[in-house]
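Take a look at the structure below.
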Amino acid sequence: MDLRELFIVVVLYKSRLEESRAIKSLGDCIDGSANLMVFDNSPYKQYDNHNFKLGKFNISYYSDEGNPGLSRAYNLALQLAEEARLPWLLLLDQDTAFTNEYVREVERLSHNELPGSVVGIIPHVISLQNHKIIAPTKPSLGGLSNAVNLPAGIVNQQITSINSGTILRVSYMSSINGFCQKYTLDMLDHWYFRKIFQDEKSIYMLGSSIYQDLSVVGDFEANVSLLRYQKMLEAEHNFILEEGFLSLVVFKVRIFLRALKQLRYKNNQYYKSTFKQFFKLV
């Protein structure tokens, strides 16, 4: 699969392209040049030009100081990919470390040889902090999930991955009216992977890995602001509500236990926010 068949989009937040782990690592791996759409959610516009070149990338730059999250950025990328008649959309996170193995494996894939039922392509994702598998995961009731180490090939069972490094078929995403704007940031990846399974479509599992810096790993209180956590809670709750009563019960048990752990945090607003969500009926 030629990288020119991919519409590549990265979403920035308070980080310049030159500092992005994703852009630096991907640039080290690709041959030639590649087109890259940049959607900047920073509270200030970082680049004056709409189109410019940075290293191996031909940049199309968009800025929204209102920080609308991911879904708006991805939907714009989807629209532009359709207009460019490109079949695949590659999502990047600024904090991902891409590998030469990932790029070479994607290049070896043939667009024409992949069945039409395959609407997503994902790598294994490893935590940069503790080197544990982040994705793919096997989802269960109440937002529970377990990391699974799957061999390369077509996967028909329900699995979930993260946004970064995921390649999605443009025609499929267009057929489901794009990325759900209800999930502007958190749970957006869970939403479209669940949708893929519900629509009886398939994922192609790559054998290669990429590495992700996750804010939720390590000192959660230091890495995740209270406002961000409250938005995460709300997104989790909305997602679980769509799965039914039993899943909601399991979720309530999970966040109750989470609140107990948060009692040791210096900022007591974390556990108070969790308890508030626990007592929310719908």
Side-chain angles (χ1 to χ4, degrees), residues 1-11 34-37 39 60 68-93 96 98 102-103 105-125 135-139 145 148 150-208 210 235 238-239 242-243:
M1 183 183 295
D2 194 309
L3 289 182
R4 288 173 295 185
E5 293 182 287
L6 303 177
F7 190 96
I8 310 174
V9 56
V10 63
V11 180
N35 296 322
L36 174 67
M37 173 190 156
F39 195 97
S60 297
L70 295 178
S71 54
R72 182 173 175 181
Y74 290 168
N75 279 326
L76 175 59
L78 182 64
Q79 175 190 332
L80 296 175
E82 286 185 286
E83 293 174 1
R85 298 187 178 181
L86 293 174
W88 297 96
L89 180 65
L90 168 58
L91 311 178
L92 307 184
D93 180 283
T96 306
F98 286 89
Y102 170 84
V103 173
E105 189 173 8
V106 170
E107 289 177 333
R108 288 194 298 269
L109 285 176
S110 170
H111 169 66
N112 294 325
E113 291 178 4
L114 285 173
S117 60
V118 172
V119 298
I121 302 167
I122 63 171
H124 295 87
V125 185
T137 59
K138 175 80 174 164
S145 62
V148 287
L150 298 174
I154 295 175
V155 180
N156 292 311
Q157 61 178 298
Q158 185 176 8
I159 57 173
T160 298
S161 189
I162 66 170
N163 293 307
S164 196
T166 292
I167 303 172
L168 296 168
R169 193 183 288 270
V170 169
S171 59
Y172 171 73
M173 293 307 299
S174 297
S175 74
I176 61 171
N177 299 315
F179 296 86
C180 182
Q181 297 185 56
K182 181 178 180 180
Y183 302 105
T184 58
L185 183 60
D186 299 294
M187 306 307 292
L188 181 62
D189 42 13
H190 292 263
W191 172 81
Y192 62 74
F193 278 108
R194 182 176 65 185
K195 181 65 175 169
I196 288 171
F197 177 75
Q198 290 173 342
D199 289 344
E200 299 181 344
K201 301 298 183 181
S202 303
I203 297 293
Y204 186 86
M205 186 79 234
L206 298 170
S208 54
I210 60 175
N238 290 336
F239 184 81
E242 296 174 357
E243 297 199 326

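One is the number of the first residue; the rest follow in order along the sequence.
- Between M205 and P136, the closest side-chain pair of non-hydrogen atoms falls below 4.5 Å.
- Considering only heavy atoms from C-beta on, I162 stays 4.5 Å or farther from D93 through its side chain.
- Applying the 6.0 Å contact sphere to CD of E200 captures no more than 12 heavy atoms from other residues, nucleotides or ligands.
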Q: Kindly indicate, with the supporting measurements, whether the criterion side-chain contact (heavy atoms from CB on, under 4.5 Å) is fulfilled by V11 and Y74.
A: CA-CA 9 Å; V11 180; Y74 290 168; 3.8 Å; yes
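- Remark: the backbone N or O of L150 is paired with a side-chain donor or acceptor of H124 at under 3.5 angstrom.
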Q. Which is it for L92 and L36 under the side-chain contact (heavy atoms from CB on, under 4.5 Å) test, yes or no, and what are the steps along the way?
A. CA-CA 10 Å; L92 307 184; L36 174 67; 4.1 Å; yes
Q.
Between D189 and T166, does the side-chain contact (heavy atoms from CB on, under 4.5 Å) criterion hold? Intermediate values first, please.
A. CA-CA 9 Å; D189 42 13; T166 292; over 6 Å; no
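- To the nearest 0.5 Å, atom CE of residue M1 and atom CD1 of residue I121 are 4.0 Å apart.
- A 4.5 Å side-chain heavy-atom check between F179 and L89 finds at least one atom pair inside the cut-off.
- Rounding to the nearest 0.5 angstrom, the gap separating the OG atom in S117 from the OH atom in Y172 is 11.5 Å.
- Nearest heavy atom pair, residue F39 against residue P68, reads CE2-CG, 3.9 Å.
- Between S202 and N156, the shortest heavy-atom distance links the atoms OG-OD1, 2.5 Å.
- Side-chain contact check for N238 versus M187: every heavy-atom pair is 4.5 Å or farther apart.
- Note that OH of Y192 and CG of N163 are 3.5 Å apart. Values are rounded to the nearest 0.5 Å.
- Atoms CZ and CD1, from F197 and I203 in turn, are 11.5 Å apart once rounded to the nearest 0.5 Å.
- Side-chain N or O atoms of Y183 include one that pairs as donor or acceptor with a backbone N or O of F239 at under 3.5 Å.
- The two residues T160 and A135 have their closest heavy-atom pair at O-CB, 4.1 Å.
- Annotation: side chain of Q158 is in contact with side chain of R194 (closest heavy-atom distance under 4.5 Å).
- Pairs passing the salt bridge (charged side-chain N to carboxylate O under 4.0 Å, His left out) check and including a residue from residues 105-122, sequence neighbours excluded, read R104-E107.
- Remark: K195 NZ to C180 SG distance equals 10.0 Å, nearest 0.5 Å.
- Considering only heavy atoms from C-beta on, L86 stays 4.5 Å or farther from L6 through its side chain.
- Here the side chain of R169 pairs a donor or acceptor atom with the backbone of V118 at under 3.5 angstrom.
- Annotation for S161 and P123: closest pair OG-O, 4.4 Å, computed over non-hydrogen atoms.
- Side-chain atoms of S174 do not come within 3.5 Å of backbone N or O of S171 as any donor-acceptor pair.
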(Q) Working note: E82 + V170, criterion side-chain contact (heavy atoms from CB on, under 4.5 Å); need CA distance, chi angles, decisive distance, verdict. (A) CA-CA 7 Å; E82 286 185 286; V170 169; 3.7 Å; yes
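- Between I122 atom CD1 and Y204 atom OH the span is 11.5 Å, to the nearest 0.5 Å.
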Q | Residues D2, R4; criterion salt bridge (Lys or Arg N to Asp or Glu O under 4.0 Å); working and verdict | A | CA-CA 5 Å; D2 194 309; R4 288 173 295 185; 2.7 Å; yes
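- At distances below 3.5 Å, at least one donor-acceptor pair connects side-chain atoms of Y102 with backbone N or O atoms of G165.
- Counting only heavy atoms from C-beta outward, the side chains of V125 and T96 never approach each other to under 4.5 Å.
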